[in-house]
Amino acid sequence: MKKVFVAIVALFCSVTSFAQYSSGGFSLDEENLYWGVRFGVTGASLGGDLDLGMKSGMTLAGVVGLRASDSTPVFIESGLYYTERGGKKDDFRVGYNNLEIPIVVKYGIKATDEIAVLPFIGPYFSYAFSGKTKQIGENGTKESVGSFDEKKAQTGGLKRANMGFKLGCGAEYNKMYLEVGYQIGITNVCKDDNRSSHSNALFVNFGVNF
């Protein structure tokens, strides 16, 4: 929790400094560069051989978007995300914490004079820096081991690096932003060559654009 708190404080300070350089709003017709913050929740799972269902987690991010065309409202958005991933089944839970960098293409659609709709798609790259797996040990008691431990984790250990694609749709109103999407992992996250599993996640993020 200390790391999450420090990240929130750092992100708040960054937003304050970004705001003085922003246009003060988001416009499909005028905006060329924008900054934003995102807070959200995820429902992550580990499919394939691990077959672990949805586990809830948190998202915290700072993003930046750049207009890619003078004639059409196409934007390239990237940023740095802290995300919680994993999966669960009964008393067995796998959790790990990621730093993630997405690179998505957004297309702006003017729904009303005040509301813009922005569908998006693009790849993401992530690296897990910590994680715990809660499992039943040999003596029948619950134990907690590192999610990346090949010898102790009953999953056979997970890889830290991952990549995939994210797609979804966002809506912006008076600086406020809301998006819903899905991430599809394409990397086999199992260290065990005899197993195959991919990390997927449904996400809902709320934030502000400057």
Side-chain angles (χ1 to χ4, degrees), residues 1-15 36-64 77-104 122-136 142-166 168 179-192 195-207:
M1 290 300 296
K2 285 185 178 180
K3 292 181 179 179
V4 175
F5 178 77
V6 171
I8 292 174
V9 173
L11 190 57
F12 177 80
C13 294
S14 298
V15 170
V37 293
R38 304 287 185 263
F39 304 91
V41 294
T42 61
S45 63
L46 289 166
D49 293 332
L50 297 185
D51 190 27
L52 298 179
M54 194 168 288
K55 173 185 175 296
S56 61
M58 182 183 73
T59 296
L60 175 66
V63 303
V64 59
E77 183 181 288
S78 187
L80 182 62
Y81 283 66
Y82 164 81
T83 62
E84 296 175 344
R85 293 288 187 264
K88 67 177 183 178
K89 189 173 185 179
D90 300 326
D91 291 332
F92 185 74
R93 293 170 179 257
V94 176
Y96 53 95
N97 306 309
N98 280 334
L99 288 179
E100 179 182 299
I101 299 177
I103 305 174
V104 299
Y124 70 87
F125 308 89
S126 67
Y127 185 83
F129 60 88
S130 67
K132 292 291 184 181
T133 293
K134 296 181 180 180
Q135 60 191 28
I136 303 299
K142 294 182 180 180
E143 62 179 12
S144 180
V145 302
S147 295
F148 316 104
D149 193 320
E150 298 177 56
K151 296 181 179 179
K152 295 181 179 180
Q154 292 176 2
T155 59
L158 300 180
K159 298 175 182 176
R160 293 181 181 271
N162 186 25
M163 68 170 295
F165 288 90
K166 63 187 303 182
E179 67 180 10
V180 179
Y182 194 74
Q183 287 182 268
I184 305 169
I186 61 175
T187 301
N188 177 15
V189 296
C190 291
K191 288 183 178 179
D192 185 350
R195 294 183 180 183
S196 177
S197 182
H198 299 85
S199 175
N200 304 311
L202 175 69
F203 62 87
V204 179
N205 293 329
F206 174 78

Tell me every residue that passes side-chain contact (heavy atoms from CB on, under 4.5 Å) with Lys132, counting only those two or more places apart in sequence or in another chain.
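Per chain and number, Lys132 pairs via side-chain contact (heavy atoms from CB on, under 4.5 Å) with Ser144.
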Using a strict cut-off of less than 4.0 Å between a Lys/Arg side-chain nitrogen and an Asp/Glu carboxylate oxygen, indicate whether Glu150 and Lys159 qualify as a salt bridge.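 Result for this pair is no, no salt bridge flagged.
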Please determine if Asp91 and Lys134 form a salt bridge, counting it only when a charged side-chain N lies under 4.0 Å from a carboxylate O.
->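 Result for this pair is no, no salt bridge flagged.
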Taking [X] for its side chain and [Y] for its backbone only, find out whether a donor-acceptor pair lies under 3.5 Å.
X      : Y      : answer
Thr59  : Val41  : no
Glu84  : Met58  : yes
Asn188 : Arg195 : yes
Asn98  : Ser126 : no
Thr155 : Gly157 : yes

Write down the atom of [X], the atom of [Y], and the distance for their closest heavy-atom approach.
X      : Y      : result
His198 : Thr187 : CD2-O, 3.2 Å
Ile103 : Ser78  : CG1-OG, 4.1 Å
Tyr96  : Ser199 : OH-OG, 3.2 Å
Thr133 : Ser147 : OG1-OG, 3.0 Å
Ala128 : Phe148 : CB-CZ, 3.5 Å
Phe39  : Leu60  : CE2-CD1, 3.1 Å

Any chance you could measure [X], atom [atom1], to [Y], atom [atom2], to the nearest 0.5 Å?
X      : Y      : atom1 : atom2 : answer
Ser45  : Leu50  : OG    : CG    : 10.5 Å
Ile184 : Tyr124 : CD1   : OH    : 8.5 Å
Ser197 : Leu46  : OG    : CG    : 4.5 Å
Leu99  : Leu80  : CG    : CG    : 5.5 Å

Assess whether atom NZ of Lys152 is packed by more than 12 heavy atoms of other residues, nucleotides or ligands within 6.0 Å.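 Count not over threshold, so no.
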Working for side chain to side chain contact (heavy atoms under 4.5 Å, CB included), residues Lys142 and Arg93: CA-CA 11 Å; Lys142 294 182 180 180; Arg93 293 170 179 257; over 6 Å; no
Yes or no on side chain to side chain contact (heavy atoms under 4.5 Å, CB included) for Tyr81 and Phe203, after CA distance, side-chain angles and deciding distance? CA-CA 12 Å; Tyr81 283 66; Phe203 62 87; over 6 Å; no
Could you tell me if the side chain of [Y] sits less than 4.5 Å from the side chain of [X], heavy atoms only?
X      : Y      : answer
Gln183 : Asn200 : no
Tyr127 : Ile101 : no
Phe92  : Gln154 : yes
Leu52  : Lys89  : yes

Please assess Leu158 against Val94 for the test side chain to side chain contact (heavy atoms under 4.5 Å, CB included), listing each intermediate value before the final yes or no. CA-CA 10 Å; Leu158 300 180; Val94 176; 3.6 Å; yes
Problem set entry | Check against side chain to side chain contact (heavy atoms under 4.5 Å, CB included), Lys166 and Glu100 | CA-CA 12 Å; Lys166 63 187 303 182; Glu100 179 182 299; 4.1 Å; yes
